[in-house]
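Take a look at the structure set out below.
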Amino acid sequence: MKIALAQIDTTIGDFTGNVKRIVKYAESAHDRGADLVVFPELALCGYPPRDLVEKSGFVERSQSELIRLARMLPPIPTLVGYVRRSRADHGKKVANAAAWLEGGKVAVDYAKILLPFYDVFDESRYFESGPSVSVHDFGGLRVGITICEDIWNDKHFWTNRLYTRDPVDECVAAGANLLLNIASSPYNTEKIQFRYEMLRTIAVKQHIPVAYVNHVGGNDQLIFDGSSMAFNARGELCARAHAFAEDLVIFDSAGGAHDLHPAPQSEAEEIYLALCLGIRDYVEKCGFKKVLVGLSGGIDSSLVATLAADALGAHNVVGVGMPGPYSSPGSIRDAAELAGNLGIEFRVIPITPVFESYLQALDPAFEGTPRDVTEENIQARIRGNILMALSNKFGSLLLTTGNKSELAVGYCTLYGDMAGGLAAIADVPKTSVYALARYINRKGERIPQACLEKPPSAELRPNQTDQDSLPPYEVLDAILKAYIEENRGADEIAATLQHLDPSLVRRTVRMVNAAEYKRQQAPPTLKGTISGGSQQHHFAALQPGTSK
């Protein structure tokens with residue numbers, strides 16, 4: 001049997017657009033001779049719908065659109081995820097379901113059993129768990145239907161399982177000899193390889209082919225990488241879709257001809273593709289066309305501007321240089337060179353006259369006090385006001401340029417450099433910022449080399465560098481990874497990273513804790529690195545050379 005894995009980018013609540021996309025890919029699958037086409041989890045309504053499922057009109061629309069979709073499809077059986085009313089007597093009112101559409105009707109309807117409630121997931125808050133697995137006879141096979149988390153509890157893979165039930169085991173016990181999984185699994189920096197190992201283990205241990213179809217695209221802060229794949233019963237990869245792009249690949253359940261599209265070759269390439277996709281979908285799905293980026297001549301703003309130009313096209317990006325009293329001569333030069341390399345519009349609006357007006361107005365109130373971080377923050381807030389004024393005037397979305405290392409410890413200014421509509425790299429550590437810049441420059445200098453070589457500085461006082469206030473970034477990022485992503489305490493971090501001064505570790509942890517009020521006011525952040533919540537799973541079946 002030839003199964004088409006239709007990896008599509010849907011928009012939450014855009015039923016009309018989502019139906020149109022599903023029909024388009026179903027027609028393509030039919031034209032390519034597929035016997036079945038499979039779409040991602042909640043493809044009909046978009047993922048994650050969150051509180052929308054508590055609106056009766058949303059659920060009713062989902063159910064009626066499913067019927068309309070069934071009548072519009074070409075003559076090919078189609079498996080698609082959608083939201084419907086729960087059929088349980090008690091509990092939650094709605095279910096995360098998969099419908100097998102055939103002959104203009106719903107032939108099979110299955111409700112997701114395992115509902116995650118960790119990291120970015122809160123499905124058990126909204127959905128009622130399905131009562132039983134679904135195994136459907138089709139094309140001489142017994143097809144087990146599962147939805148995302150249903151396959152994330154295999155006893156052969158996990159050493160610490162979160163659930164008592166295992167839908168994969170239940171499907172096999174019910175006679176399934178082919179497993180389908182439709183998913184909306186968000187991206188993080190180790191997820192693609194992780195899923196590969198998990199799915200391969202299921203295929204080998206259960207002795208059945210496994211086909212997995214993942215959502216692709218950005219919805220709010222989440223980025224879905226796609227990376228749909230299928231394995232034969234021997235655990236051999238037989239189909240793989242592109243990462244971070246819509247795609248359709250064909251899987252032969254007999255393990256025949258391979259439809260393998262190239263995968264990213266490095267973590268830097270993965271993160272680059274993820275951020276471009278996240279920026280593009282966030283901007284477009286929010287109804288914007290153009291973006292603004294404040295260009296300081298530093299590495300962070302240079303990276304954000306480059307990502308935006310690649311995601312949206314150079315003609316949709318405007319860079320703004322705002323030199324102040326402490327800006328170095330090279331800053332505006334490097335910003336202008338970057339804009340020229342990218343082909344984006346570049347404007348220069350000096351802030352020194354405005355800053356001096358602020359100081360004059362505040363001098364009576366500040367009489368007898370020394371200059372300190374207050375005056376530094378005034379400069380950042382002036383720049384934020386200028387950028388937001390341009391955003392309001394011209395209808396462009398402002399991208400903030402702070403990285404994860406700075407935001408984690410509060411090395412940023414509320415209503416200043418934190419102002420904006422999307423924090424594009426706020427989940428990217430500073431050390432990864434440099435790695436991404438080098439990846440972008442691999443075929444030629446787009447980000448000026450000076451931006452990579454100069455000491456990082458906010459340039460808000462004479463001869464300032466970031467390391468006046470922070471540990472070296474390679475040290476800071478090591479501490480942040482241990483504290484935020486690995487959930488280690490300060491003493492444990494100091495014991496593990498023995499080359500570090502324990503007082504430095506404790507000071508950094510205090511900075512992270514004290515900055516929570518700032519992070520609560522930050523713009524939406526594109527999520528891409530592993531968070532502490534995603535560490536709840538621990539697995540046993542890794543191949544040599546891989547890591548969690």
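This is a predicted model, so every value here is computed, not measured.
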Notebook entry, point to check: Have N96 and Y82 got a donor and an acceptor in their side chains that come within less than 3.5 Å?
Noted result: no
Throw together a table of side-chain donor-acceptor distances under 3.5 angstrom for residues 43-54, partners on residues two or more places apart or in other chains.
{"from": "Y47", "atom 1": "OH", "to": "E123", "atom 2": "OE2", "distance (Å)": "2.6"}
{"from": "D51", "atom 1": "OD1", "to": "R125", "atom 2": "NH2", "distance (Å)": "3.4"}
{"from": "D51", "atom 1": "OD1", "to": "Y126", "atom 2": "OH", "distance (Å)": "2.5"}

Notebook entry, point to check: So, do Y25 and V37 sit near enough that their side-chain heavy atoms are less than 4.5 Å apart?
Noted result: no
Checklist line | Euclidean distance, N316 CG relative to S396 OG, rounded to 0.5 Å | finding: 8.5 Å
Check: Hey, is the main chain of F121 close enough, under 3.5 Å, to the side chain of D119 for a donor-acceptor pair?
Finding: no
Check: With a 4.5 Å heavy-atom cut-off, do L307 and L303 have their side chains touching?
Finding: yes
Check: Between K404 and D427, does at least one N-O distance fall below 4.0 Å, as a salt bridge requires?
Finding: yes
Note to self: Treating K518 as the side-chain partner and C412 as the backbone partner, does any N or O pair qualify as donor plus acceptor under 3.5 Å?
What the structure shows: yes
Checklist line | ring-ring contact (aromatic ring centres under 6.0 Å, His included) between Y272 and F244, worked out | finding: CA-CA 10 Å; Y272 166 80; F244 307 105; 9.8 Å; no
Item checked: Beyond-backbone contact of I271 with L436, side-chain heavy atoms, under 4.5 angstrom -> yes
Next item on the list: Taking the side chain as every heavy atom from C-beta outward, state whether V283 and L312 have any atom pair closer than 4.5 Å.
Entry: yes
Notebook entry, point to check: Are Y187 and E270 linked by a side-chain donor-acceptor pair shorter than 3.5 Å?
Noted result: yes
Check: Who pairs with A70 by side-chain contact (heavy atoms from CB on, under 4.5 Å), at least two apart in sequence or on another chain?
Finding: L101
Next item on the list: Run the numbers on F138 and M1 for side-chain contact (heavy atoms from CB on, under 4.5 Å), then give the verdict.
Entry: CA-CA 9 Å; F138 179 72; M1 181 166 60; 3.1 Å; yes
Check: Can Y483 and R488 be counted as having a side-chain donor-acceptor contact under 3.5 angstrom?
Finding: no
Next item on the list: Give a yes or no on whether the backbone of S184 and the side-chain of E41 come within a donor-acceptor separation of less than 3.5 Å.
Entry: yes
Notebook entry, point to check: Between the side chains of D477 and S405, does any donor sit under 3.5 Å from an acceptor?
Noted result: yes
Notebook entry, point to check: Is the distance between the ring centroids of W158 and F194 less than 6.0 Å?
Noted result: yes
Notebook entry, point to check: Roughly how far apart are L397 CG and E284 CD, rounded to 0.5 Å?
Noted result: 12.0 Å
Check: Hey, is R280 close enough to D310 for a salt bridge, meaning N to O under 4.0 Å?
Finding: no
Notebook entry, point to check: Would you say the side chain of S185 lies within less than 4.5 Å of the side chain of H215, judging by non-hydrogen atoms?
Noted result: no
Margin query: Can you tell me how far apart CD1 (I250) and SG (C238) are? Round to the nearest 0.5 Å.
Written below: 13.5 Å
Next item on the list: Inspect the contact between R200 and E236 and indicate whether a charged nitrogen and a carboxylate oxygen are less than 4.0 angstrom apart.
Entry: no
Notebook entry, point to check: For the side chain of T146 and the backbone of L180, is there at least one donor-acceptor N/O pair under 3.5 Å apart?
Noted result: yes
Next item on the list: Drop me the distance from T201's OG1 to F231's CZ, to the nearest 0.5 angstrom.
Entry: 9.0 Å
Check: Looking only at atom types and distance, does a side-chain atom of S432 sit under 3.5 Å from a main-chain N or O of A435, one as donor and one as acceptor?
Finding: no
Note to self: I'd like to know if the side chain of S129 reaches the main chain of I113, judged simply by a donor and an acceptor atom lying under 3.5 Å from each other, with no hydrogens or angles considered.
What the structure shows: yes
Next item on the list: Would you check if P524 and D220 make a side-chain contact, meaning some heavy-atom pair closer than 4.5 Å?
Entry: no
Check: Just by distance, do the side chain of D281 and the backbone of G218 share a donor-acceptor pair under 3.5 Å?
Finding: yes
Item checked: Donor-acceptor side-chain pairing of N153 and D166 below 3.5 angstrom -> no
Next item on the list: Name all pairs fulfilling the salt bridge (Lys or Arg N to Asp or Glu O under 4.0 Å) condition that reach into residues 247-261, sequence neighbours left out, sorted by first residue then second.
Entry: R32-D259
Item checked: K527 side-chain N/O to L222 backbone N/O, donor-acceptor pair under 3.5 Å -> no
Next item on the list: Apply ring-ring contact (aromatic ring centres under 6.0 Å, His included) to F288 and list each qualifying residue two or more places apart in sequence or on a separate chain.
Entry: none
Checklist line | Spatial distance of atom OG (S391) from atom NZ (K290) [nearest 0.5 Å] | finding: 13.0 Å
Note to self: With heavy-atom distances below 4.5 Å as the criterion, would you say the side chains of L237 and M229 are in contact?
What the structure shows: yes
Next item on the list: State whether the side chain of D35 and the backbone N or O of K2 hold a donor-acceptor pair below 3.5 Å, judged by distance alone.
Entry: yes
Next item on the list: Examine the side chains of E149 and Y163 and answer whether a donor and an acceptor come within less than 3.5 Å of each other.
Entry: yes
Check: After noting the C-alpha distance and the side-chain angles of R68 and V19, does the key distance pass the side-chain contact (heavy atoms from CB on, under 4.5 Å) rule?
Finding: CA-CA 9 Å; R68 184 171 76 91; V19 165; 3.7 Å; yes
Next item on the list: Using the test salt bridge (charged side-chain N to carboxylate O under 4.0 Å, His left out), find all partners of K155 that sit at least two apart in sequence or belong to another chain.
Entry: D169
Margin query: Holding to side-chain contact (heavy atoms from CB on, under 4.5 Å), I want the full list of residues that pass it with P209, two or more places apart in sequence or in another chain.
Written below: L178, A233, F251
Notebook entry, point to check: With sequence neighbours excluded, what pairs up with A515 under the side-chain contact (heavy atoms from CB on, under 4.5 Å) test?
Noted result: R519
Next item on the list: Could you grab the distance from atom CG of L79 to atom OH of Y110, nearest 0.5 Å is fine?
Entry: 11.0 Å
Next item on the list: Can you tell me which residue pairs pass the salt bridge (Lys or Arg N to Asp or Glu O under 4.0 Å) test with a partner in residues 76-88, sequence neighbours excluded?
Entry: E60-R85, R84-D109, R87-D109
Item checked: Residue that, paired with D225, satisfies side-chain contact (heavy atoms from CB on, under 4.5 Å) out of N214, V216, N188 -> N214
Checklist line | Residue pairs, two or more places apart or on separate chains, that pass side chain to side chain donor-acceptor pair (under 3.5 Å) and touch residues 3-20 | finding: Q7-S228, D9-K285, T16-R61
Checklist line | Salt bridge flag under 4.0 Å for residues R21 and E246 | finding: yes
Note to self: Taking salt bridge (charged side-chain N to carboxylate O under 4.0 Å, His left out) as the definition, give me every residue that meets it alongside E170, ordered by chain and number, with sequence neighbours left out.
What the structure shows: R165
Notebook entry, point to check: Below 4.5 Å, heavy atoms only, C-beta onward: do Y212 and L5 meet side chain to side chain?
Noted result: no
Note to self: Is it the case that the side chain of Y196 and the backbone of K191 share a donor-acceptor pair, with hydrogens and angles ignored and the cut-off at 3.5 Å?
What the structure shows: no
Next item on the list: List for me each residue that meets side-chain contact (heavy atoms from CB on, under 4.5 Å) alongside R142, sequence neighbours excluded, and say none if there are none.
Entry: V135, D137, N177
Check: Do L480 and V512 pass the side-chain contact (heavy atoms from CB on, under 4.5 Å) test, and can you show the C-alpha distance, the side-chain angles, and the key distance before you say yes or no?
Finding: CA-CA 8 Å; L480 295 177; V512 173; 3.5 Å; yes
Note to self: Ignoring hydrogens, what is the shortest heavy-atom contact between H242 and P262? Give both atom names and the distance.
What the structure shows: CE1-CD, 3.6 Å
Margin query: Could you check whether Q521 and Y415, counting side-chain N and O atoms only, form a donor-acceptor pair closer than 3.5 Å?
Written below: yes
Check: Under the ring-ring contact (aromatic ring centres under 6.0 Å, His included) test, which residues partner H136, sequence neighbours left out?
Finding: W100
